[in-house]
Amino acid sequence: MENSKDTGALAVSRAEAGQKLLNFLQRRISAPASDLHRWIRTGQVRVNGARSKAFDRLSEGDMVRVPPFAERQPAGSGEGASRREHGAPLLDIVFENEDVIVIAKPAGLPVQGGTGHTDSIAARLAGERARADFVPAPVHRLDKDTSGLLVAGKTYAAVRLLTDALAGRAGTPPRKEYLAWVEGAWPHPEKRELYDFLAKDGTTKRMRAASEKEAEAKEARCEVTALEKRRIHDREYTLLLVRLLTGRTHQIRVQLALRGHPIAGDPWYGKGSCESLKLHAFRLELPLPGGECRSLELPPPWKGEWKAACPGRRPQR
């Protein structure tokens, strides 16, 4: 939104508040980063009439004056918008307010694009919300083949808050629970905590068990409760409820495989015993700006013999 009293100024919206000046300009102005740095350094860009630095953070209502020749970014521009026009399916929204979007992520769709992936949650968000002041951004990851609850921030402040909270950097991490069908009969009838140290294998790029003394080793903890045992296609499987206590790459997949019970359908850490990975982000307690906490649940999409009843359904808050 532009200030009617100063056609050379851009108003910082609530969604954009908290961003660094350079990041704000990169979204709102069509110019190379080198030009933006030079304009800031020479005082051609000013915030509320004063000179500022590239990494100063902006507040809601700040007026950012740019040179009159600066080319404004047209609304709805960019790769995301063209992606939506070419028929990418709409995202399934579980919950949304002015700060966050919670998405029902399907298995097979990566959160971020990369080598070999032109479609992703991030690309679809950019396409569907191309006209937003701040394009919603995922604040955590799920593996490409994992389904379930995925959170994106609709404002810069929400992205920072949620990223720290879900990673446990803001104190005790919120409750995150998964459902997983694993190979074999899980031997423990009671809730059990799994504790390991994990590191990335430099050759295979997969995660492995590590010694606590290894420089790259990170602590991995989760709680596992067996819910049901079932024979499927003449093989025995156990449905587990897994509560993450730490968040490491492939953590659930690796910790269960280390105990001889890889997740069904896991081609990396198991035998790929079925057509798809049976791991689903089922329940999440989501901390929201303002101190509110919302509990969200999403039944898994599994069909037929793999269909699972949701354990201990809680009322939505």
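- Residues Gln26 and Ala33 come closest through the heavy atom pair NE2-CB, 3.9 Å.
- Inter-residue side-chain proximity for Val66 and Leu10 is flagged as met; some heavy-atom pair is nearer than 4.5 Å.
- Two residues are said to be in side-chain contact when any heavy atoms from C-beta on lie closer than 4.5 Å; His261 and Glu183 fail this criterion.
- Between the side chain of Ser59 and the backbone N or O of Asp62 there is no donor-acceptor pair closer than 3.5 Å.
- Taking a 6.0 Å sphere around NZ of Lys229, one finds it holds more than 12 heavy atoms contributed by other residues, nucleotides or ligands.
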Thr246 vs Gln251, side-chain hydrogen bond (donor to acceptor under 3.5 Å, both in side chains): CA-CA, chis, key distance, verdict:
CA-CA 8 Å; Thr246 58; Gln251 178 181 329; 2.9 Å; yes
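- Heavy-atom minimum distance, Gly61 versus Asn48: O-OD1, 4.5 Å.
- Other members of the hydrophobic cluster containing Tyr195, listed by chain and number, are Phe197; membership follows side-chain contacts under 4.5 Å among ILVMFWY residues, whether direct or relayed.
- Residues Asp133 and Arg28 are not paired through a salt bridge, judged by the lack of any N-O separation under 4.0 Å between the basic side chain and the carboxylate.
- Counting heavy atoms from C-beta on, the side chains of His37 and Leu22 come closer than 4.5 Å.
- Judged by distance alone, with hydrogens and angles left aside, the side-chain atoms of Arg14 form no donor-acceptor pair with the main-chain N or O of Glu60 at under 3.5 Å.
- Atom CD of Glu275 sits in a crowded spot, with more than 12 heavy atoms from other residues, nucleotides or ligands closer than 6.0 Å.
- Summarising the geometry of Ala217 relative to Ala210, their closest heavy-atom pair is CB-CB, 4.0 Å, with the distance given to 0.1 Å.
- Using a 4.5 Å heavy-atom threshold, the side chains of Leu240 and Ile252 count as separate.
- By the 6.0 Å contact criterion, CZ on Arg259 is enclosed, its count of non-hydrogen atoms from other residues, nucleotides or ligands being greater than 12.
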I would like to know whether Lys144 and Thr146 meet side-chain hydrogen bond (donor to acceptor under 3.5 Å, both in side chains); could you show each step before the answer?
CA-CA 6 Å; Lys144 179 174 72 73; Thr146 300; over 6 Å; no
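- The residues Glu305 and Arg230 are annotated as not salt-bridged, no charged nitrogen and carboxylate oxygen being separated by less than 4.0 angstrom.
- Salt bridge annotation for Glu193-Arg221: present, with a cationic side-chain nitrogen under 4.0 angstrom from a carboxylate oxygen.
- Ion pairing of Glu177 with Arg283 is present here, as a side-chain N (NZ or NE/NH1/NH2) and a carboxylate O approach within less than 4.0 Å.
- The two residues Ala185 and Thr238 have their closest heavy-atom pair at CA-OG1, 3.4 Å.
- Hydrophobic clustering of Ile, Leu, Val, Met, Phe, Trp and Tyr side chains at less than 4.5 Å, counting indirect connections, keeps Leu125 apart from Val151.
- Although no hydrogens or angles enter the test, the distance criterion places no donor-acceptor pair under 3.5 Å between the side chain of Lys218 and the main chain of Gly247.
- The 12-atom threshold is exceeded at CD of Glu190, counting heavy atoms of other residues, nucleotides or ligands nearer than 6.0 Å.
- Shown are Arg57, Gln19, Glu16; of these, the side chain to side chain donor-acceptor pair (under 3.5 Å) with Tyr156 is made only by Arg57.
- In this structure, the side chains of Pro110 and Ile121 stay at 4.5 Å or more apart for every pair of heavy atoms.
- Using a distance-only test at 3.5 Å, with no hydrogens or angles considered, no donor-acceptor pair links the side chain of Tyr269 to the main chain of Arg206.
- Considering every non-hydrogen atom in both Ala308 and Leu239, the closest pair reads CB-CD2, 3.6 Å.
- Between the Arg51 side chain and the Arg41 main chain, a donor and an acceptor come within less than 3.5 Å of each other.
- Counting heavy atoms from C-beta outward, Pro311 and Phe282 have side chains that approach closer than 4.5 Å.
- By the 4.5 Å heavy-atom criterion applied to side chains, Lys154 and Glu96 are counted as neighbours.
- Taking both residues in full, the closest heavy atoms of Lys278 and Ile263 are given as O-CG2, 3.5 Å, listed atom of the first, atom of the second, then distance.
- With sequence neighbours excluded, the residues that form a ring pair (Phe, Tyr, Trp, His ring centres under 6.0 Å) with His188 are Trp186.
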